[in-house]
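The structure appears right after this line, and notes come after that.
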Amino acid sequence: MSAVLQKLKRFKLRALHNQKKFGVAGRSCEEVLRKACLHLQLPVPGSRLCLYEDGTELTGDYFWSVPDDSELVLLTAGQTWQGYASDISRFLSVFQEPHAELIQAARQLLSDERAPLRQKLLADLLGTVSENIAAETRAEDAPWFEGLESRFRNKSGYLRYSCESRIRSYLREVTSGASLLVTEAREEYLRVVGAMCQKLQAARYNSSYFDRGAKASRRLCTPEGWFSCQGPFDVDDCASRHSINPYSNRESRVLFSTWNLDHVIEKKRTVVPTLAAAIHGAEGREVDWEYFYRLLFTSENLKLVHIACHKKTTHRLHCDPSRIYRAPAVPRRKRPARQRP
């Protein structure tokens, strides 16, 4: 069938690095290219058309297999296009200092996008470049505090509260372990838990773990607030490289609440029963409660993990038998008195 009898094919077209699109129709690749160059006032020699999606060049043989309303990019001599990833690469090139024009361009792309995968990529990118990570107070980033009580005036304060709440919940579970013991041992168990509680209070319930302003040795994030998943309990690292910055925006703050502080040696199945058994069978020995404190409440036995890396299976790990009781104090030998000459 001749080109004259073919129906017009419609396309959405734009120039490279220009988000403004316009409609063009033609019965051949050459016709569409000619009309596009005329509209954009670009030279026809050396110009060509590519699919926005993957950068495939539109040729005469390929022209009729492309669906109507496909998006095209007009390239002039020397220009290249690798598909929609090129737009993302361009955004990333100014990622360190996102500006209003960048955010507006991303929103324009997203408003016209229909493919779910590209929608997800653009939405994630837009959410990231729109972040206000450096802001700390409610006055500087009001949207971040949406849904939170008015008493929270800065981001670090809320994240400290979030971490403290988790540690306090662990303390409640440990306290309930007293029910495993008979009356005599129960009093000693509660005394030990009381000592742990005092140590936690002095350490402010280790709330600094989530505070980006804390000393490096006391936090689990970078100074900017980035947290990295430490991987499941039985591996050394996270294969998926999960990361999150709850300081960046409200959505990230909410998502961070699904991350777990996972006990490598399990709290409920192992540490608490071992502590109870140690107190019950002490027979005059002194339980090293500070060892159990570290297992229950500190990063010595806690791993911050993305929900996908939080394995619910039994860990089958045990407390160190050599550290359950304190070594008995060795009495100091008295030096013999000097004899006077």
Side-chain angles (χ1 to χ4, degrees), residues 88 92 95 116-117 119-128 131 133 144 147 155-156 158-174 200 203 205-274 291-320:
I88 296 177
L92 292 177
F95 201 67
L117 175 58
Q119 283 181 335
K120 172 85 166 58
L121 288 171
L122 287 166
D124 289 348
L125 177 63
L126 184 57
T128 302
E131 292 169 349
I133 293 177
W144 191 94
K155 296 178 180 180
S156 295
Y158 174 76
L159 269 298
R160 284 195 302 270
Y161 165 80
S162 174
C163 186
E164 179 178 333
S165 297
R166 299 188 192 206
I167 300 299
R168 282 180 179 272
S169 71
Y170 300 160
L171 180 61
R172 288 193 293 271
E173 289 185 65
V174 175
L200 277 175
Y205 293 89
N206 294 326
S207 58
S208 62
Y209 286 164
F210 291 178
D211 182 1
R212 64 180 176 180
K215 293 181 179 179
S217 60
R218 296 292 300 159
R219 53 178 160 80
L220 300 178
C221 61
T222 68
E224 296 76 29
W226 285 100
F227 292 82
S228 296
C229 174
Q230 296 173 322
F233 74 92
D234 54 353
V235 298
D236 294 330
D237 204 356
C238 172
S240 300
R241 297 293 186 264
H242 295 123
S243 65
I244 192 170
N245 191 329
Y247 288 85
S248 59
N249 54 47
R250 178 177 177 272
E251 182 180 35
S252 294
R253 167 176 66 79
V254 173
L255 285 175
F256 187 61
S257 66
T258 67
W259 284 48
N260 296 98
L261 277 174
D262 188 27
H263 289 82
V264 177
I265 302 175
E266 293 174 282
K267 171 180 78 273
K268 195 170 184 178
R269 287 194 180 110
T270 304
V271 182
V272 171
T274 302
Y291 166 63
F292 288 97
Y293 170 89
R294 291 192 293 274
L295 292 182
L296 291 165
F297 306 115
T298 76
S299 56
E300 182 175 316
N301 188 49
L302 290 170
K303 294 184 77 173
L304 182 67
V305 295
H306 185 279
I307 188 170
C309 288
H310 186 205
K311 294 183 178 179
K312 300 289 188 177
T313 56
T314 302
H315 294 190
R316 302 189 186 284
L317 297 173
H318 306 284
C319 300
D320 184 348

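Both backbone and side-chain heavy atoms feed into the values below; hydrogens, waters and symmetry mates do not. Residue numbers run from 1 in the order of the sequence given.
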When rounded to the nearest 0.5 Å, the distance separating OG of Ser207 from CZ of Arg166 is 13.0 Å
Check this for me, if you would: do Glu164 and Arg168 make a salt bridge, where the nitrogen-to-carboxylate-oxygen distance has to be below 4.0 angstrom? yes
Item checked: Polar side-chain atom of Trp144 near backbone of Pro246 as donor-acceptor pair, under 3.5 Å -> yes
Check whether Lys311 reaches the backbone of Pro232 with its side chain - one donor and one acceptor, N or O, closer than 3.5 Å.
no
Taken to the nearest 0.5 Å, the spacing of Asn260 CG from Cys309 SG works out to 10.5 Å
So CG of Asp262 and NE2 of His306: to nearest 0.5 Å the spacing works out to 14.0 Å
I'd like to know if Glu173 and Lys268 make a salt bridge, using a cut-off of under 4.0 Å between side-chain N and carboxylate O.
no
*asked:* I want to check something: taking the side chain as every heavy atom from C-beta on, are Leu295 and Thr270 in contact at a cut-off of under 4.5 Å?
replied: no
**Prompt:** Should Thr313 and Phe233 count as side-chain neighbours, where that means a heavy-atom distance under 4.5 Å?
**Reply:** yes
When the aromatic ring centroids of Tyr170 and Phe297 are compared, is their separation below 6.0 Å?
no
- Item | Min side-chain heavy-atom separation Val264-Lys303 under 4.5 Å | yes
Next item on the list: Could you tell me whether Arg219 sits above the aromatic face of Tyr209, with NZ or CZ closer than 6.0 angstrom to the six-membered ring centre and within 45 degrees of the axis?
Entry: no
Q. Under 3.5 Å, side chain of Ser208 to main-chain N/O of Ala214, donor-acceptor pair present?
A. no
> Would you say the side-chain atoms of Tyr161 pair up with the backbone N or O of Ser156, donor to acceptor, closer than 3.5 Å?
Replying inline: no
(message) With a 4.5 Å cut-off on side-chain heavy atoms, are Tyr205 and Cys163 touching?
(response) no
Minimal heavy-atom distance between Val305 and His310, with the atoms involved, is CG2-CB, 4.0 Å
More than 12 non-hydrogen atoms from neighbouring residues, nucleotides or ligands closer than 6.0 Å to CG on Leu255, yes or no?
-> yes
In this structure, CD of Gln230 is separated from SG of Cys238 (nearest 0.5 Å) by 10.0 Å
| field | Cation-pi check, Arg250 onto Tyr158 ring (under 6.0 Å, within 45° of axis) | value | no
Is it the case that the side chain of Thr314 and the backbone of Arg316 share a donor-acceptor pair, with hydrogens and angles ignored and the cut-off at 3.5 Å?
no
Output yes when a side-chain donor or acceptor of Arg212 lies under 3.5 Å from a complementary backbone atom of Glu224, and no otherwise.
yes
